[in-house]
Amino acid sequence: MAVFLVLGSVIFLQFGAAFASQLFGQIGAPGATALRLGISALMLALVARPKIRQETIVLGLTLAGMNGTFYLALDRIPLGVAVTIEFLGPLGLAAVLSRRPRDFLWVGLALVGIVVLGVREYTGAKLDLIGVALALFAAAFWACYVLAGRKVATAGLGIGGVAGASLVAAALTLPYGLSAAGATLFEPKILLLGTFVALLASAIPYALEIKALRTLEAATFGVVLALEPAAAALAGALLLGQHLSLVSLGGMALVIIAGVGAALRTAPAPRGTPAQRDADLVLPVPQ
């Protein structure tokens, strides 16, 4: 049951990203980022009192950078490709932290997959290099998010810490979003779609993962999480008409295999203290 909860989270998250990209033509990627983070922050603030500490400020910085660069990448390259490249962040971090030579082999395999993706995209043309660079920046921010999130969790700040970090991220991205979208950001139809995106990409995935991670091993969670590129490709094909070529799908498969392989070598998640369990809860929800 827990596996299906995480799988549901992955699917909701990527379909939320697909819906968010539909906002780009109206409010731009900066506007969509600000809207999603702002509404998500308000939702979390209703659930838990936000806690603003040094740890939550750092986490908020990583959230703003991760979401901002990812949405800018989505404006230039297909969703499935962007998520696949971004997945290098947590995969590379896992290898560095483990310091096991075999784990670096998984990262190498993932890099091969990224190179294959760089050959062709869904149109048969070369990938937009700026979009690829932005996705790589998002990958770096995702790795930083994992580290910052663990500090928030082990400090005992819990959901209130995540709420505080979300408010920081929203405050950082709102000026940029307003400069790109202006008053359009507050039109009723835009706010309604933004709320829908926030539910799909934040509220629902986080709730599902919190419930699943109370019983799910870290390795199993990592295996399911490695399916994110596939879920993104599905969402892009169904909602955005982004049909990937066989070459791109092959590159994506290499990254997924690398993610599964690395996850299966991960030690089981600690189940001792509440702080340790909370440390696992901040690992998901990149975009």
Side-chain angles (χ1 to χ4, degrees), residues 6 9-10 13-14 17 55-70 73 81-115 117 132-155 161-162 165 169 205-206 209 213 216-232 251-252 254-270 275-287:
V6 180
S9 168
V10 167
L13 181 62
Q14 299 310 325
E55 294 90 347
T56 59
I57 292 175
V58 174
L59 182 59
L61 287 169
T62 64
L63 275 171
M66 179 173 60
N67 284 274
T69 52
F70 179 72
V81 176
V83 172
T84 303
I85 296 173
E86 191 192 27
F87 194 69
L88 283 176
L91 183 60
L93 177 65
V96 170
L97 293 180
S98 72
R99 299 178 182 175
R100 291 179 299 202
R102 287 187 180 181
D103 288 333
F104 287 98
L105 292 177
W106 294 121
V107 176
L109 180 62
L111 286 173
V112 171
I114 298 301
V115 171
L117 276 174
V132 171
L134 288 166
L136 288 172
F137 275 115
F141 275 116
W142 190 357
C144 293
Y145 163 80
V146 173
L147 296 174
R150 282 193 177 278
K151 288 192 174 183
V152 168
T154 54
V162 178
Y206 191 71
E209 287 168 353
L213 281 168
L216 198 64
E217 296 289 344
T220 306
F221 173 76
V223 170
V224 181
L225 188 66
L227 298 177
E228 278 203 5
M252 190 176 296
L254 291 177
V255 177
I256 292 173
I257 291 170
V260 171
L264 289 175
R265 288 186 55 81
T266 301
Q276 287 176 315
R277 289 194 296 270
D278 285 343
D280 290 330
L281 301 184
V282 300
L283 284 176
V285 200
Q287 296 84 21

Closest contact, heavy atoms only, [X] versus [Y]:
| X | Y | value |
| --- | --- | --- |
| V152 | V162 | CG1-N, 4.4 Å |
| A110 | V255 | O-CG2, 3.6 Å |
| T62 | Y145 | OG1-CA, 3.6 Å |
| A169 | A64 | CB-N, 3.9 Å |
| A135 | A82 | CB-O, 4.1 Å |
| W142 | F87 | CZ3-CA, 3.8 Å |

*Between atom NZ of K151 and atom CG of L59, what is the distance when rounded to the nearest 0.5 Å?*
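Atom-to-atom, K151:NZ and L59:CG are 11.5 Å apart.
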Name all residues meeting the side chain to side chain contact (heavy atoms under 4.5 Å, CB included) criterion together with [X]; count only those two or more places apart in sequence or in a different chain, and write none if there are none.
| X | answer |
| --- | --- |
| L136 | I85, L88, V132 |
| A231 | V10, Q14 |
| I257 | W106, L109 |
| P229 | V83, T84, M252, I256 |

